[in-house]
2 protein chains.
Amino acid sequence: MRTSGGFWGTASFRRRDFAFRVRPIPLQWQSVPVSTQTPATIEDVARLAEVSIATVSRAIHNPEKVAKSTRQRVNQAIAITGYTTNAMARSLRMGRSNMILVLAPDIGDPNFSSILIGLENEARAHGYGVLIGHTQNDPERGLEYLKFLNSNQADGLLLFTGHEPFGHQEMTQRLPPTVAVFEPVFGSRIPYVGVDDTAGARKAAEYLLASGHRSIAFIGDSKTRLGHLRRRKGYDLALDAARIAPAQRLVVDGEGTIESGRLAVEQLFMRDTLPTAFMCVNDATAIGVMNGLAARGYDLPRDFSVIGFDDVPQATYMTPALTTVRQPRSAIGRQAMALLLENLTQPLTEQREVLIMPDLVVRGSVTMPGKR
Amino acid sequence: MRTSGGFWGTASFRRRDFAFRVRPIPLQWQSVPVSTQTPATIEDVARLAEVSIATVSRAIHNPEKVAKSTRQRVNQAIAITGYTTNAMARSLRMGRSNMILVLAPDIGDPNFSSILIGLENEARAHGYGVLIGHTQNDPERGLEYLKFLNSNQADGLLLFTGHEPFGHQEMTQRLPPTVAVFEPVFGSRIPYVGVDDTAGARKAAEYLLASGHRSIAFIGDSKTRLGHLRRRKGYDLALDAARIAPAQRLVVDGEGTIESGRLAVEQLFMRDTLPTAFMCVNDATAIGVMNGLAARGYDLPRDFSVIGFDDVPQATYMTPALTTVRQPRSAIGRQAMALLLENLTQPLTEQREVLIMPDLVVRGSVTMPGKR
DNA sequence: TGCGCAAATGTAAACCTTTACATAAGTCGT
DNA sequence: ACGACTTATGTAAAGGTTTACATTTGCGCA
């Protein structure tokens with residue numbers, strides 16, 4: 001579209017010089033910078049190309065509906081004026097924006113960034129853009145983004161939050177097509193794309209069992225986070241299969257943070273019942289556990305084995321490097337966006353859950369149980 | 001604004017039932033859910049409140065210009081309909097969106113998330129919203145966001161990228177008011193808010209000197225990243241003051257990544273010239289260095305001291321915990337947004353640079369140089 | 001009573017698109 | 001040569017606001 005030389009680069013034409021609709025004057029070229037004060041509108045292009053604005057619009061969106069010669073003239077005019085469609089006006093008219101809003105409570109979540117890349121790639125392949133909203137779990141901010149959605153500034157919603165946007169219920173608003181990613185939305189029928197938590201956790205537990213551990217604690221139990229519940233279930237399934245009685249299982253509550261991992265260690269020491277291996281609900285917890293153990297002077301992995309879930313970037317750089325279950329992040333991102341976009345054109349009726357099978361990443365934090 | 005009981009909660013009124021402008025029928029209350037199929041417009045509110053749309057708009061934005069009784073009626077109508085202004089139409093009309101776009105090449109940057117919070121708080125205190133654009137250093141994406149800006153979907157730009165958005169030059173477009181945050185834009189006059197790199201780095205180097213080190217390597221030198229250049233300068237200043245000859249200084253190039261830190265260690269071993277302390281251009285590099293040293297079997301901090309810059313979350317959880325210079329992240333975010341918003345109303349002429357003084361965070365990675 | 005002024009509200013234009021519909025100009029077959 | 005299509009283009013409405021300007025109303029004061 002961009003012309004090659006300086007020839008087309010400049011025009012004598014200046015916007016808003018005509019009070020009436022008028023046949024454009026013959027073009028004369030001068031060496032004046034292209035950029036105008038205010039961005040060019042479709043009308044400027046039309047005037048320059050000596051056509052109506054309707055034709056310009058068509059030349060852009062339905063090129064086959066306009067004669068070749070006209071099309072060329074329009075394209076030149078576009079190049080000259082540097083015209084780009086005013087997305088605001090376009091969206092207002094069309095009732096949609098070709099934008100997807102991703103709502104995340106914490107941009108800093110180490111999982112978020114690579115999932116986002118998957119999301120974005122898929123979106124842009126379908127002509128959609130992605131905007132990120134940072135809620136910080138703040139109801140006010142949630143409300144703000146609801147307004148954003150409400151005025152068609154985004155056509156679809158991707159929830160990374162594990163819950164519907166705060167304020168949603170009170171405002172009695174309908175959400176646009178929505179998909180939950182990474183973390184299922186507890187107690188709702190919002191379609192979900194994420195890792196197969198149960199299977200992944202089971203793999204982890206089985207690996208510990210296969211390494212000879214019989215006394216395996218589960219750190220980070222939760223009653224409210226669906227994903228964590230499922231990981232717990234994977235743990236139980238594996239231990240069931242190994243015929244380890246429920247009474248033998250050490251389960252410690254936690255919120256999935258580093259701090260709660262460290263706290264869990266303290267609790268176990270208070271109770272004075274120590275496992276040989278710690279299976280953690282996620283890597284953050286595992287890091288906390290490793291820190292807690294190191295702080296008490298233990299040598300890892302000799303004294304205890306630890307396994308995580310997620311494979312956050314940091315996992316590699318722990319000492320010992322953390323053995324964990326890897327989130328198939330870009331696959332999750334891709335599929336979630338695909339599901340959402342599909343949903344945009346033909347709303348799906350039944351609940352849908354896409355679970356992706358994760359792999360175990362073996363590093364250095366699990367060994368055979370020693371004689372401590 | 002929301003009424004208390006169920007009384008105002010419902011209305012018999014249904015939108016778009018009137019072909020003509022007509023005096024609204026007396027309200028009758030029924031128990032029907034409030035939410036309508038399509039979101040309420042200002043016209044619905046006007047009809048319900050028996051006023052013109054102009055009055056509704058005024059009641060919202062200039063309450064003092066409308067009679068108290070009218071205002072109340074309008075507010076009730078708003079509560080009933082659940083009306084929220086269509087931001088799209090508003091922006092189109094007003095030529096601005098009250099949104100700020102933050103462009104970041106990598107959302108995963110551990111510094112980004114807390115700076116963002118500072119940005120957001122300041123923005124919302126002034127009635128602005130924040131949207132995040134993820135460029136991945138991809139020119140196409142940069143272009144996409146330029147279009148976004150071009151159609152007034154954002155009034156200001158905050159660059160976290162260290163460079164202008166790709167595609168800017170070719171599109172000969174003017175950027176909206178812009179401020180660079182965290183990383184100055186190399187070779188431009190864009191105002192910048194960030195840490196005082198020189199002073200911070202100098203503090204770090206002086207701390208190493210005070211700990212008794214005389215052989216201090218600088219890891220992660222760069223010719224293109226302004227912030228890194230400044231850190232290098234701080235290092236030089238400190239060593240100058242300590243009368244350590246430039247010839248004595250070990251300086252290794254790097255890109256500020258974990259990998260490049262590890263690589264730097266390898267290079268030094270190849271050269272067979274080892275310092276007693278490593279001063280790293282940032283924490284990522286420091287982590288790489290510590291990993292590289294650990295991989296070679298050294299015991300930190302006994303064998304070598306390492307100091308970083310940034311204080312990323314991970315720094316606490318290294319073994320030993322990393323001594324580093326803390327980025328005043330939320331202050332940076334706050335000030336950057338403040339500068340941008342100020343800039344929005346009255347464009348500033350002279351270049352402006354706001355440098356915030358950082359503190360040293362002493363942890364465990366620096367000791368007195370031993371007799372290795 | 002009537003005039004001037006202030007306060008409250010309404011009317012209509014403008015922001016920039018897209019698109020249904022109307023119009024104009026060819027083309028083709030008979 | 002003419003009606004039936006097809007193709008290319010133009011006209012104007014609609015989308016939901018904000019706001020300059022016009023109008024109406026009410027009040028105080030001479």
Side-chain angles (χ1 to χ4, degrees), chain A residues 15-16 19-24 36 38-47 49-74 77-78 81 83-98 147-148 150-153, chain B residues 15-16 19-23 36 38-47 49-74 77-78 81-98 147 150-153 155:
Chain A
R15 317 184 47 222
R16 307 195 200 292
F20 305 98
R21 226 189 125 37
V22 102
R23 275 330 206 175
T36 47
T38 90
T41 74
I42 199 173
E43 206 176 332
D44 301 326
V45 176
R47 207 150 27 193
E50 310 190 29
V51 295
S52 74
I53 59 170
T55 301
V56 175
S57 181
R58 274 189 291 258
I60 295 170
H61 302 293
N62 300 83
E64 76 283 359
K65 302 210 111 186
V66 6
K68 196 170 164 196
S69 63
T70 313
R71 192 162 57 222
Q72 285 181 339
R73 232 164 347 116
V74 170
I78 289 176
T81 54
Y83 170 75
T84 58
T85 308
N86 180 321
M88 219 104 231
R90 172 172 228 261
S91 304
L92 175 59
R93 173 60 226 245
M94 309 251 294
R96 82 194 145 79
S97 56
N98 277 15
K147 281 193 194 174
F148 191 83
N150 206 32
S151 47
N152 288 326
Q153 288 187 85
Chain B
R15 314 184 50 222
R16 307 197 199 290
F20 306 98
R21 227 189 125 38
V22 103
R23 275 327 203 180
T36 47
T38 88
T41 73
I42 199 173
E43 207 176 331
D44 301 324
V45 176
R47 206 151 26 192
E50 310 191 30
V51 294
S52 75
I53 59 170
T55 302
V56 175
S57 180
R58 273 189 292 257
I60 295 170
H61 302 292
N62 300 82
E64 76 284 358
K65 302 212 114 190
V66 8
K68 198 172 165 196
S69 63
T70 314
R71 194 162 54 221
Q72 284 181 340
R73 234 164 345 117
V74 170
I78 289 176
T81 53
Y83 170 76
T84 58
T85 308
N86 181 322
M88 217 106 232
R90 172 171 228 261
S91 305
L92 174 60
R93 173 60 225 245
M94 309 251 295
R96 83 194 144 80
S97 56
N98 277 16
K147 281 193 193 173
N150 206 35
S151 47
N152 288 327
Q153 289 186 84
D155 305 335

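Just so it is clear: chains get the letters A, B, ... in the order the sequence lines come, proteins before strands, and each one is counted from 1. Note: hydrogens, waters and symmetry copies are ignored here, and every other heavy atom, side chains too, is used.
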From the set D:dG16, C:dT18, D:dT9, return the single nucleotide nearest to any side-chain atom of B:Arg93.
D:dG16
Below 4.0 Å: OP1/OP2 of C:dG10 and any side-chain N or O of B:Thr55
yes
Candidate nucleotides D:dT17, C:dG10, C:dC15, ranked by approach to the side chain of B:Thr41 - the nearest:
D:dT17
May I have the distance from A:Glu43 (atom CD) to C:dA14 (atom P), rounded to whole angstrom?
11 Å
Answer yes if the side chains of A:Thr81 and A:Asp44 hold a donor-acceptor pair under 3.5 Å, and no otherwise.
no
Take atom NZ of A:Lys147 and atom C1' of D:dT17, then tell me their distance rounded to the nearest Å.
15 Å
Among D:dA12, D:dT17, D:dG15, which nucleotide has an atom closest to any side-chain atom of B:Arg90?
D:dT17
Using a 4.5 Å cut-off on heavy atoms from C-beta on, say whether the side chain of A:Thr41 contacts that of A:Ile53.
no
Sugar-phosphate only, base, or nothing, as touched by A:Ala67 at under 4.0 Å among non-hydrogen atoms:
sugar-phosphate
B:Ser57 side chain N/O closer than 4.0 Å to the phosphate oxygens (OP1, OP2) of D:dT17?
no
Starting from P on D:dG16, measure out to CD1 on B:Ile60 and report it in whole angstrom.
15 Å
Do the side chains of A:Ser57 and A:Ile42 get nearer than 4.5 Å, heavy atoms only?
yes
Starting from the 5' end of DNA chain C, give me the residue, B:Ala54 or B:Leu92, whose nearest nucleotide shows up first.
B:Ala54
From C-beta outward on A:Ile42, which listed nucleotide comes closest to its side chain: D:dT18, D:dG16, C:dT17?
C:dT17
Integer-rounded Å distance: D:dG15 P and B:Ile53 CD1
13 Å
Answer yes or no: is there a side-chain heavy-atom contact under 4.5 Å between A:Gln153 and A:Met88?
yes
Considering just the side-chain nitrogens and oxygens of A:Thr70, establish if one lies under 4.0 Å of OP1 or OP2 belonging to D:dT9.
yes
Separation of atom CD in B:Glu64 from atom C1' in C:dA6, rounded to whole Å
15 Å
Against the side chain of B:Met94, the closest entry in D:dT9, C:dT9, D:dT19 is D:dT19
Separation of atom CE in A:Met88 from atom C1' in D:dA14, rounded to whole Å
18 Å
Length of the line joining B:Arg58:CZ and D:dT19:P, which is rounded to integer Å:
11 Å
C:dA14 P sits how many Å from A:Asn86 CG, rounded?
17 Å
Any heavy-atom pair between the side chains of A:Val74 and A:Val66 that's under 4.5 Å?
no
